[in-house]
Amino acid sequence: MGERSTLRIAATADIHTKKTSQGAFVDFFAKASEMADVLLICGDLTDYGAPEEARILAKEITASLRIPGIGVLGNHDFEAGKQGEIVKILTDAGVTMLDGDATEIDGVGFAGVKGFGGGFGRRSLGAWGEEIIKKFVHETIEESLKLESALARLRTPQRIAVLHYSPIQATVQGEPPEIIAFLGSTRLEEPIDRYRVSTVFHGHAHHGTLEGRTKGNAMVYNVAAPLLRNKFPDQPPFRLIEVPIAETVST
């Protein structure tokens, strides 16, 4: 770790690797490796959830990424029903894939889940009525419980949440109002604040807002690559954030 007092995090999401993406990420991964100490990929790593797309991405990672990579799946990665294969391909390429899991780098803890929709605040969807609605809400609750479990395993003073869906409405503002409830859920915010997460990264909302805060004051960054390209056209499509490094808390 040397004299470093901060961990430089490059975070992106919604890179949507296609079957025609060979070579598209070489410069991206090289720049992330140069500018950061860890890369987060917050879901929608592939476009149609095809293993072929994941293999293209894995090859780019193996060739060009020189720092640890941490990822979660997004909704696009489930499209072909091959999400387990995608996780294996990327894990074999050296990416730490999180799904209710936690990992640590230099005393900074990372907990990750995909998350799910359901809406925000008083307008959140409730588990009432038809069975299909109850299943939808149950999925959101399950994701929030997985996030809580992952956060509970961390003993680091600095905790980072890695999601695809947003835990707050502020960072999905700018999307059509009709779809906001499908872009995240307040239920994801509850464990974030309970476990005093300092920073949250998510994607999914391509036309959302760059930043917001949870009720507990955790900083939330929307790092969807299309949004970053639009807001910062002269920069590579990742957000670079520095967080303090602290010694691990003893149990």
Side-chain angles (χ1 to χ4, degrees), residues 6-7 9 11 13 38 40 42-43 70-74 98-127 136-175 180-205 208-224 227 239 241-251:
T6 62
L7 186 74
I9 300 171
V38 59
L40 308 183
C42 303
I70 298 172
V72 297
L73 296 180
L98 302 179
D99 181 20
D101 310 296
T103 190
E104 296 180 19
I105 295 177
D106 289 346
V108 176
F110 296 86
V113 296
K114 172 176 63 67
F116 202 56
F120 304 94
R122 292 167 55 193
R123 295 179 176 85
S124 294
L125 187 64
F136 187 100
V137 174
H138 180 72
E139 182 71 13
T140 311
I141 292 170
E142 282 296 305
E143 288 294 301
S144 68
L145 289 173
K146 286 197 303 187
L147 178 58
E148 181 174 357
S149 176
L151 289 168
R153 286 197 288 274
L154 289 173
R155 293 292 180 266
T156 53
Q158 189 76 256
R159 299 179 181 94
I160 310 293
V162 186
L163 310 171
H164 183 59
Y165 288 78
S166 178
I168 61 171
Q169 187 168 339
T171 50
V172 302
Q173 291 299 128
E175 294 282 1
I180 280 177
F182 300 100
L183 298 176
S185 171
T186 294
R187 288 183 170 92
L188 296 165
E189 182 182 29
E190 293 164 5
I192 286 167
D193 284 345
R194 190 179 311 123
Y195 284 90
R196 298 178 183 177
V197 169
S198 63
T199 311
V200 182
F201 297 96
H202 75 84
H204 199 33
T209 300
L210 289 169
E211 299 174 7
R213 287 188 182 272
T214 67
K215 288 191 284 289
N217 211 35
M219 195 70 204
V220 181
Y221 295 98
N222 178 353
V223 293
L227 176 66
R239 195 75 191 267
I241 303 295
E242 292 193 29
V243 299
I245 290 173
E247 291 185 9
T248 304
V249 174
S250 59
T251 54

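Atom CG of residue Leu151 and atom OG1 of residue Thr156 lie 9.0 Å apart, to the nearest 0.5 angstrom. Taking CG of Leu7 as the start and CD1 of Ile105 as the end, the distance is 6.5 Å to the nearest 0.5 Å. A distance of 8.5 Å separates OG1 in Thr199 from CZ in Arg213, rounded to the nearest 0.5 Å. If you take CZ on Arg196 and CZ on Arg159, they are separated by 8.5 Å, rounding to the nearest 0.5 Å. The CZ atom of Arg187 sits 7.5 Å away from the CG atom of Leu125 when rounded to the nearest 0.5 Å.
By the side-chain hydrogen bond (donor to acceptor under 3.5 Å, both in side chains) test, Glu175 pairs with no residue at all, sequence neighbours left out. Considering only residues two or more places apart in sequence or on other chains, Tyr165 meets the ring-ring contact (aromatic ring centres under 6.0 Å, His included) condition with Phe116, His204. Every residue two or more places apart in sequence or in another chain was checked for a ring-ring contact (aromatic ring centres under 6.0 Å, His included) with Phe120, and none qualifies. Remark: Glu142 engages no residue in a side-chain hydrogen bond (donor to acceptor under 3.5 Å, both in side chains) (not counting sequence neighbours). By the side-chain hydrogen bond (donor to acceptor under 3.5 Å, both in side chains) test, Glu190 pairs with no residue at all, sequence neighbours left out. The ring-ring contact (aromatic ring centres under 6.0 Å, His included) check on His202 picks up nothing, with sequence neighbours excluded.
Checked by atom type and distance alone, the side chain of Arg239 never pairs as donor or acceptor with a backbone atom of Tyr221 at under 3.5 Å. Not a single donor-acceptor pair under 3.5 Å links the side chain of Thr214 to the backbone N or O of Glu189. One N or O on the side chain of Thr140 and one on the backbone of Gly117 form a donor-acceptor pair closer than 3.5 Å. Looking only at distances, no side-chain donor or acceptor of Glu143 sits under 3.5 Å from a matching main-chain atom of Leu188. A donor-acceptor pair is defined here as one N or O able to donate and one able to accept, closer than 3.5 Å; no such pair exists between the side chain of Thr209 and the backbone of Val172. For the pair Arg155 (side chain) and Ala152 (backbone), a donor-acceptor distance under 3.5 Å is present.
Screening Val243, Ile70, Val197 against Ile160 for a side chain to side chain contact (heavy atoms under 4.5 Å, CB included) leaves a single residue, Val243.
Between Ser124 and Gly119 the shortest heavy-atom distance is OG-O, 3.3 Å. Shown here for Gly118 and Ser185, the closest heavy-atom pair between the two residues is N-CB, 4.4 Å. Nearest heavy atoms, Pro191 versus Ser144: CG-O, 3.7 Å. Scanning all heavy atoms of the two residues, the minimum distance from Ala218 to Val200 falls at CB-CG2, 4.5 Å. Shown here for Ala224 and Ala205, the closest heavy-atom pair between the two residues is CB-O, 3.9 Å. When all heavy atoms of Ala13 and Cys42 are compared, the closest pair comes out as CB-O, 3.4 Å.
Asp101 has its side chain within reach of Arg153: a pair of non-hydrogen atoms, C-beta onward, lies under 4.5 Å apart. Contact check for Leu154 versus Tyr195: no side-chain heavy atoms found under the 4.5 Å cut-off.
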Going through the distances and angles, do Val72 and Leu163 end up as a side chain to side chain contact (heavy atoms under 4.5 Å, CB included)?
CA-CA 7 Å; Val72 297; Leu163 310 171; 5.8 Å; no

Begin from the C-alpha positions of Lys114 and Asp99 and carry the test salt bridge (Lys or Arg N to Asp or Glu O under 4.0 Å) through to its verdict.
CA-CA 7 Å; Lys114 172 176 63 67; Asp99 181 20; over 6 Å; no

May I have the step-by-step check of side chain to side chain contact (heavy atoms under 4.5 Å, CB included) for Thr186 and Lys215, ending in yes or no?
CA-CA 10 Å; Thr186 294; Lys215 288 191 284 289; 4.2 Å; yes

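Other residues, nucleotides and ligands contribute more than 12 heavy atoms inside 6.0 Å of the CZ atom of Phe136. For Arg123, the CZ atom is loosely surrounded, since the number of other residues' heavy atoms within 6.0 Å does not exceed 12.
Side-chain atoms of Ser198 and Gln158 form a donor-acceptor pair, as typed in the model, at a separation below 3.5 Å. Looking only at atom types and distance, the side chain of Ser166 has a donor-acceptor partner in the side chain of Thr171 under 3.5 Å away.
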